[in-house]
Amino acid sequence: MRILITGGAGYLGSVLSRKLLSKGYKVRIIDGIWYGDESIRECLKNENFELIKDDIRNLTVTVKSMKNVDAVIHLASIVGMPASSIEPRTSEEINYLATKNIAELCQLHDIETYIFASTCSVYGSQPDVLITEKSPLKPLDFYAEQKFKCERAIGWLNRAPTIMRFGTLFGLSPRMRFDLVINTFIAQAIQKEKIQVFGGNQYRPFLNVEDAADSLIFALEKNLTGIYNVVSENLTISEASQRIKKLSDCEIEVLSQNEDKRNYKVSGDKLKQIGFTPSQTIESSYQKIKNAFDTGLFDDYSNPKYNNYKLLFSSKEMQERVFMLGLE
C-alpha cells in the first residue's frame, strides 16, 4: 500500500513517515523542503520511501504525485497563527486552495482515503464547556479560519473524508519545533532554568506528536471517515509549566501579557471509544528532549530554525522562495 503524505518532512510528517515505513508501507512525500531535508535524510535510504521536492501549489507535480497512490494524508500547510499571518495571500493558497485542490484530485483519481490534519483551534474560545465534535466552530485567528474553510470545502467528497482535529502538539521530532508551548517550556527549563508563562489560566488540549502520527495510522487502518478530536489531556498553561517544573526544579516567571485569547477544553472520547488512546506524556517527552540536548542533537532552542515564524520572517531568501516567487 502506497501512502502519499503532503508535508511529509515537517514536524508531524517526519514522525509519521518513519512510523509508516516501519510498518511496511510504501511512503511518498511531496514537500517543498522549506526547512531543509535533515528531517528525512535517514528515510531516503529506504527503498520504500520516495521524495518529491516541490510546492503543493504546483498542480502538475501534485497530479503526478498521486499516481498509484492508495491513500493521501494531507499535512502540508503554513502552520500556526504567527507564521500563516506573515503573507496572508500565500497562506490562503497553501493552507486552503491547495487543500481543496488535493481533495478534488483524490476524487478525480478514485483515491478513496483522504485524511486531513485540522486543528482544535477551530473551536476558538469556549471555556465553560467540554467541547466535542458536535460543538460549534468559532475560529479566532487567520490560521484557524483557514482550517475551518478547508473542512467545509472537502466535505462534499463522494466518500466522506477523515478530518483529525489535533490538540496543541508537543514532543520530540526529527524536524524539531521549539515554538510550541510545551516544547518551549521544556527547552527553557533545560537551557535557562526558568520558564516564562504568559497569562497561564487559559486551557489547552495537548497531544504528543507521536500520538498524532499513531492516530493517523489508526484512522488509515480502521478505514475511518468523519471528524475526530485527537487529544491526550486538557491543562491550563500554568498547570503544564508546573508539570515541567517538577521534572527540572526550574523557576517559573509569570508574565501578565497574553495575546492569545483561546481558552478551551476538548474531549477526545469519540476516538478513544473506537480503540485509540494516546500513550505519550509530558514527562516522557521531557526526558526524550532532555536526552537530545544532552547528546548535542540540539543547540540553542531559540535558534530560528526551530521556529516556523522566526525562520520565515527572518530569512529574506525564504520569503522570496515561499511568499514572493510562489512556485519554484
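One is the number of the first residue; the rest follow in order along the sequence. Source: prediction; values computed, not measured. The figures that follow rest on heavy atoms only: side chains count, while hydrogens, waters and symmetry mates do not.
Under the 6.0 Å cut-off for aromatic ring centres, Tyr203 and Tyr264 do not qualify, their centroids lying 6.0 Å or more apart. Ring-centre distance between Phe185 and Phe170: not below the 6.0 Å cut-off. Outside the 6.0 Å centre-distance limit, the rings of Phe293 and Tyr306 are not counted as a close aromatic pair.
Heavy-atom contacts from other residues, nucleotides or ligands closer than 6.0 Å to CD of Glu112 number 12 or fewer.
A side-chain donor from one of Tyr25 and Glu221 sits under 3.5 Å from a side-chain acceptor of the other. Inspection of the Asn208 and Ser285 side chains reveals an N or O donor paired with an N or O acceptor under 3.5 Å. In this model, no donor atom of one side chain and acceptor atom of the other lie less than 3.5 Å apart for Tyr286 and Asn183.
Using a 4.0 Å cut-off between a side-chain N of Lys or Arg and a carboxylate O of Asp or Glu, Glu133 and Lys270 do not qualify as a salt bridge. Between Lys245 and Glu251, no side-chain nitrogen of the basic residue sits less than 4.0 Å from a carboxylate oxygen of the acidic one, so the salt-bridge criterion is not met. Salt-bridge check for Glu233 with Arg243: passed, with a basic side-chain N closer than 4.0 Å to an acidic carboxylate O. In summary, Lys192 and Glu253 do not engage in a salt bridge, as defined by a charged side-chain N under 4.0 Å from a carboxylate O.
The aromatic rings of His74 and Tyr114 lie parallel to each other, their planes meeting at an angle below 30°, with 60° marking the opposite boundary.
At least one donor-acceptor pair closer than 3.5 Å links the side chain of Gln126 to the backbone N or O of Tyr123. Remark: the backbone N or O of Ala9 is paired with a side-chain donor or acceptor of Asp31 at under 3.5 angstrom. In this structure, the side chain of Arg28 does not engage the main chain of Asn68 through any donor-acceptor pair within 3.5 Å. Between the side chain of Ser17 and the backbone N or O of Ser14, no donor-acceptor pair lies under 3.5 Å. In this structure a side-chain-to-backbone donor-acceptor pair under 3.5 Å is missing from Gln196 to Ile252.
A side chain to side chain donor-acceptor pair (under 3.5 Å) with Asn95 holds for exactly one of Glu145, Lys149, Gln146, Lys147; it is Gln146.
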